[in-house]
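Each remark here refers to the structure printed beneath this line.
This one's a predicted model, so the numbers in the text were calculated from it and none came from an experiment. This chain uses plain numbering: 1 for the first residue, then up along the sequence.
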Amino acid sequence: MGFAISSDARLNAIVEWQLGRRPGIPFRVQVNCCFGYPAVLLNQTSDAGGNPNPNLYYLCCPYLRRGLARLEGAGLAQRLTRQVKAEPEVARALAEAQHNFQAEWTRQAASDRRKNPGPAPRISAAASDMSIKCLHAHFAYFLVHPGYLLGKIILAELPDEWCPDERCQVSLEQNSIAANG
């Protein structure tokens with residue numbers, strides 16, 4: 001199945017609500033949450049203008065996005081960067097994930113028929129293999145690759161992996177009522 005901004009109106013409505021905007025890059029749903037709603041999008045490696053898109057995996061679950069934003073605000077990305085520098089096992093896990101991500105991005109760029117894709121980005125377009133820039137990108141990678149050690153560390157900081165109330169369905173119902181009411 002190729003990339004497209006879905007022709008499925010329900011899927012588009014969910015993703016648009018989750019992101020708070022229309023998706024600007026063609027995608028496929030890569031991971032669904034426990035309720036069956038999109039949690040991670042697999043994006044095309046370039047936008048409509050041919051500009052590279054470093055966000056191969058994009059976290060769209062609003063519950064997780066908010067939780068991870070709180071953790072970033074509390075300094076978790078900086079703490080993880082220090083942990084990467086202090087613990088060889090964590091550093092190896094990050095370096096391996098960066099290498100694998102770059103290989104996946106390169107394969108996807110070839111599949112997208114990108115001409116001259118340039119160098120593959122790191123997870124979250126980080127400046128180095130030893131730094132954590134964006135928890136959202138690392139957690140999206142973890143949801144696709146559940147063995148990723150840093151993802152497990154991030155998950156342990158979250159109150160729950162998934163929302164407790166199926167809020168995407170509630171949003172659809174409210175939007176449908178609002179549109180029809």
Side-chain angles (χ1 to χ4, degrees), residues 15 18-20 23 25 27-47 51-112 114 117-164 167-168:
V15 172
Q18 289 177 322
L19 299 177
I25 294 178
F27 67 88
R28 293 189 309 241
V29 176
Q30 186 72 17
V31 175
N32 287 311
C33 74
C34 66
F35 297 111
Y37 297 99
V40 177
L41 305 177
L42 173 65
N43 285 321
Q44 188 169 289
T45 57
S46 61
D47 64 18
N51 300 309
N53 171 34
N55 298 309
L56 184 62
Y57 301 116
Y58 197 84
L59 187 68
C60 59
C61 169
Y63 174 79
L64 291 174
R65 289 168 57 89
R66 279 191 290 280
L68 292 167
R70 282 191 293 276
L71 292 174
E72 278 187 0
L76 182 58
Q78 291 83 4
R79 287 194 330 244
L80 286 174
T81 295
R82 287 192 300 273
Q83 190 172 355
V84 164
K85 292 176 181 172
E87 298 177 29
E89 177 187 13
V90 179
R92 277 191 302 277
L94 177 58
E96 180 181 335
Q98 295 289 19
H99 173 79
N100 292 341
F101 177 85
Q102 289 176 311
E104 290 169 29
W105 190 92
T106 299
R107 278 192 302 275
Q108 190 58 56
S111 175
D112 294 344
R114 288 213 44 220
R122 292 177 181 90
I123 298 171
S124 76
S128 106
D129 282 345
M130 297 296 287
S131 67
I132 304 295
K133 178 179 171 189
C134 175
L135 297 181
H136 299 77
H138 285 275
F139 202 73
Y141 183 84
F142 164 70
L143 290 174
V144 175
H145 301 282
Y148 179 41
L149 178 59
L150 273 88
K152 291 178 183 181
I153 294 169
I154 295 166
L155 176 60
E157 298 281 335
L158 288 167
D160 294 298
E161 184 172 2
W162 304 113
C163 72
R167 58 191 65 186
C168 291

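Applying the salt bridge (Lys or Arg N to Asp or Glu O under 4.0 Å) test to Glu72 and every residue at least two apart in sequence or in another chain returns nothing. Not counting sequence neighbours, Asn100 has no partner by the side chain to side chain donor-acceptor pair (under 3.5 Å) test. Judged as a side-chain contact (heavy atoms from CB on, under 4.5 Å), and not counting sequence neighbours, the contacts of Asp160 are Tyr63. Judged as a salt bridge (Lys or Arg N to Asp or Glu O under 4.0 Å), and not counting sequence neighbours, Arg65 has no contacts. Qualifying side-chain contact (heavy atoms from CB on, under 4.5 Å) partners for Ala103, counting only residues two or more places apart in sequence or in other chains: Arg107. With sequence neighbours left out, the side-chain contact (heavy atoms from CB on, under 4.5 Å) criterion links Gln78 to Arg82. Contacts of Pro121 classified as side-chain contact (heavy atoms from CB on, under 4.5 Å), with partners at least two apart in sequence or in another chain: Pro54, Phe101, Trp105. The salt bridge (Lys or Arg N to Asp or Glu O under 4.0 Å) search around Arg79 returns Glu157, not counting sequence neighbours.
Although no hydrogens or angles enter the test, the distance criterion places no donor-acceptor pair under 3.5 Å between the side chain of Gln108 and the main chain of Gln44.
Put simply, the residue from Val90, Leu135, Leu94, Leu71 that forms a side chain to side chain contact (heavy atoms under 4.5 Å, CB included) with Leu80 is Leu135.
Distance SG/Cys61 to CZ/Arg66: 8.0 Å, rounded to 0.5 Å. Note that OG of Ser46 is 7.5 Å distant from CD1 of Ile25, once rounded to the nearest 0.5 Å. Rounding to the nearest 0.5 Å gives a distance of 9.5 Å between CD of Gln30 and CG of Leu41.
Looking at heavy atoms from C-beta onward, Tyr57 lies in side-chain contact with Leu42 at the 4.5 angstrom threshold. A 4.5 Å side-chain heavy-atom check between Tyr58 and Leu19 finds at least one atom pair inside the cut-off.
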Next on the checklist: Please evaluate residues Leu59 and Val40 with respect to the criterion side chain to side chain contact (heavy atoms under 4.5 Å, CB included), reporting the C-alpha separation (whole Å), side-chain torsions for both, the decisive distance (0.1 Å), and the verdict.
Outcome noted: CA-CA 5 Å; Leu59 187 68; Val40 177; 4.2 Å; yes
Checklist entry - Would Leu68 and Leu158 count as a side chain to side chain contact (heavy atoms under 4.5 Å, CB included) if you check the C-alpha gap in whole Å, the side-chain angles of each, and the deciding distance to 0.1 Å? => result CA-CA 8 Å; Leu68 292 167; Leu158 288 167; 4.2 Å; yes
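Residue Leu64 comes nearest to Glu161 through the heavy atom pair CD2-O, 2.9 Å, listed as atom of the first residue, atom of the second, then distance. The two residues Met130 and Ala91 come nearest to each other via the heavy atoms CE-CB, 4.0 Å. Annotation for Phe27 and Asn43: closest pair CB-OD1, 3.6 Å, computed over non-hydrogen atoms. Between Pro38 and Val15 the shortest heavy-atom distance is CG-CG2, 4.0 Å.
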Under 3.5 Å, side-chain donor or acceptor atoms of residues 139-150 against the rest of the protein: list the pairs with distances, not counting sequence neighbours.
unit_1 : atom_1 : unit_2 : atom_2 : d
His145 : NE2    : Glu104 : OE1    : 3.2
His145 : NE2    : Glu104 : OE2    : 3.0
Tyr148 : OH     : His138 : ND1    : 2.8

